[in-house]
Amino acid sequence: QVQLAESGGGLVKAGDSVRLSCVASGRALDFYGVGWFRQTPGKEREFVVGISRYGGRTLDADSGKGRFTISRDNAKNTVYLQMDSVKPEDTATYYCAASSQGTYGVESGLYDYWGQGTRVTVSS
């Protein structure tokens, strides 16, 4: 079983960049496909971007395409979400999730393990 911990959120201004980290413990992260999701109050959790076990393939949602980049360093058991040119509508709690099937798709049900989330607030 793997535990996930996100960090890097905070208050930023529109147009800024922010990098979120998801550190895994308990089991090597390269067993898992990983996705980043986000959620705002009253809305369903939304897929942002995913990455395959060894980083060779990624999947981007339209919301962050061209602005968000996912990467991973399995030696550090860490997955990153680089967010550039952030917008106020990117304000949300961001979660990383791991899939023991190695998938990295858009459906939250594909993922077995979730972190507690890190809040990103983008001011205009």
Please answer: with hydrophobic residues joined when any side-chain heavy atoms are less than 4.5 Å apart, are [X] and [Y] in the same cluster?
X    : Y   : result
L59  : M83 : no
Y94  : F47 : no
L20  : V86 : yes
Y104 : V34 : no
F31  : I51 : yes

Can you find a pair of side-chain heavy atoms, one from [X] and one from [Y], that are under 4.5 Å apart?
X    : Y   : value
L81  : V49 : yes
Y113 : Q3  : no
V23  : L4  : no

Side chain [X], main chain [Y], donor-acceptor under 3.5 Å:
X    : Y    : answer
R72  : G55  : no
S85  : G15  : no
S52  : R57  : yes
T118 : S7   : no
S99  : L110 : yes
R67  : S63  : yes
Y32  : D112 : no
E6   : C96  : yes

Legend entry - Nearest-0.5 Å distance, CD of residue Q1 to OG of residue S25: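 Interatomic distance, Q1 CD to S25 OG, rounded to 0.5 Å: 10.0 Å.
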
Inset, instruction - For the pair D90 and R38, find out whether any cationic side-chain nitrogen is under 4.0 Å from an anionic carboxylate oxygen. - result: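 Result for this pair is yes, salt bridge flagged.
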
Legend entry - NZ/NE/NH1/NH2 to OD/OE distance under 4.0 Å, K13 and D16: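 Salt bridge between K13 and D16, a charged N being under 4.0 Å from a carboxylate O: no.
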
Legend entry - Distance-only donor-acceptor check, side chains T78 and D73, under 3.5 Å: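 Not at all, the side chains of T78 and D73 share no donor-acceptor pair under 3.5 Å.
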
Inset, instruction - Looking only at non-hydrogen atoms, find the nearest pair between V2 and A24 and report the distance. - result: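 Looks like CG2-CB, 3.7 Å.
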
Legend entry - Minimal non-hydrogen separation, A92 against T40, with atom names: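 Taking A92 first and T40 second, the nearest heavy atoms are CB-CG2, 3.6 Å.
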
Inset, instruction - Using the six-membered ring of F37, assess whether NZ or CZ of R45 lies under 6.0 Å from its centre and within 45 degrees of the ring axis. - result: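 Not flagged: R45 not positioned over aromatic ring of F37.
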
Crowded around [X] [atom1]? As in, over 12 foreign heavy atoms under 6.0 Å?
X    : atom1 : result
Q116 : CD    : no
R119 : CZ    : yes
E89  : CD    : yes

Legend entry - Stepwise side chain to side chain contact (heavy atoms under 4.5 Å, CB included) check, T91 with V120: CA-CA 5 Å; T91 295; V120 175; 6.0 Å; no

Inset, instruction - Evaluate the side chain to side chain contact (heavy atoms under 4.5 Å, CB included) criterion for residues Q82 and S17: first the C-alpha distance (whole Å), next the side-chain angles of each, then the deciding distance (0.1 Å), finally the verdict. - result: CA-CA 7 Å; Q82 177 69 37; S17 295; 3.7 Å; yes

Inset, instruction - Let me see the working for I70 and W36 under side chain to side chain contact (heavy atoms under 4.5 Å, CB included), right down to the final yes or no. - result: CA-CA 8 Å; I70 189 171; W36 281 97; 3.5 Å; yes

Inset, instruction - Step by step, work out the side chain to side chain contact (heavy atoms under 4.5 Å, CB included) result for V48 and F68. - result: CA-CA 8 Å; V48 176; F68 296 174; 3.4 Å; yes

